[in-house]
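Okay, so here's the structure we're looking at.
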Amino acid sequence: MPTSTQDRLISVHEAAAYLGCSPTTVWRRSSDGTIPQPLKIGGMTRWSRDEIVKFIESSKQERSAA
């Protein structure tokens, strides 16, 4: 079982919840390179929770710097 220090892989629905958008927008932004690319494992597609959180944090910092 993963511990809190390990990166967790999340579904498109969970990524959408973190980002406050729809799953369709997650797919679109992933395709255009705005958000981190997903991992493909067999027939599954998952995003790194840590990468999504880092993306959100860096976006906040960019907003503050502007």
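Counting begins at 1 with the first residue of the sequence.
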* Taking a hydrophobic cluster as the set of Ile, Leu, Val, Met, Phe, Trp and Tyr residues connected by side-chain heavy atoms closer than 4.5 Å, whether directly or through intermediates, do I52 and L9 fall within one such cluster? -> no

Do L19 and V12 sit in one hydrophobic cluster, given that two such residues count as connected whenever their side-chain heavy atoms are within less than 4.5 Å of each other, even indirectly? yes

Here the ring-ring contact (aromatic ring centres under 6.0 Å, His included) pairs for residues 26-48, sequence neighbours left out, are W27-W47

*Please answer whether the main-chain N or O of D50 pairs with a side-chain N or O of D7 as donor and acceptor at a distance below 3.5 Å.*
yes

Establish whether I56 and V26 are linked, either directly or via other cluster members, by ILVMFWY side-chain heavy-atom contacts under 4.5 Å. yes

When rounded to the nearest 0.5 Å, the distance separating CZ of R49 from NZ of K54 is 10.0 Å

Under 3.5 Å, which donor-acceptor pairs link side chains of residues 34-46 to any protein atom two or more places apart or in another chain?
{"residue": "T34", "atom": "OG1", "partner": "D32", "partner atom": "OD1", "Å": "2.5"}
{"residue": "T34", "atom": "OG1", "partner": "D32", "partner atom": "OD2", "Å": "3.4"}
{"residue": "Q37", "atom": "NE2", "partner": "S30", "partner atom": "O", "Å": "2.4"}

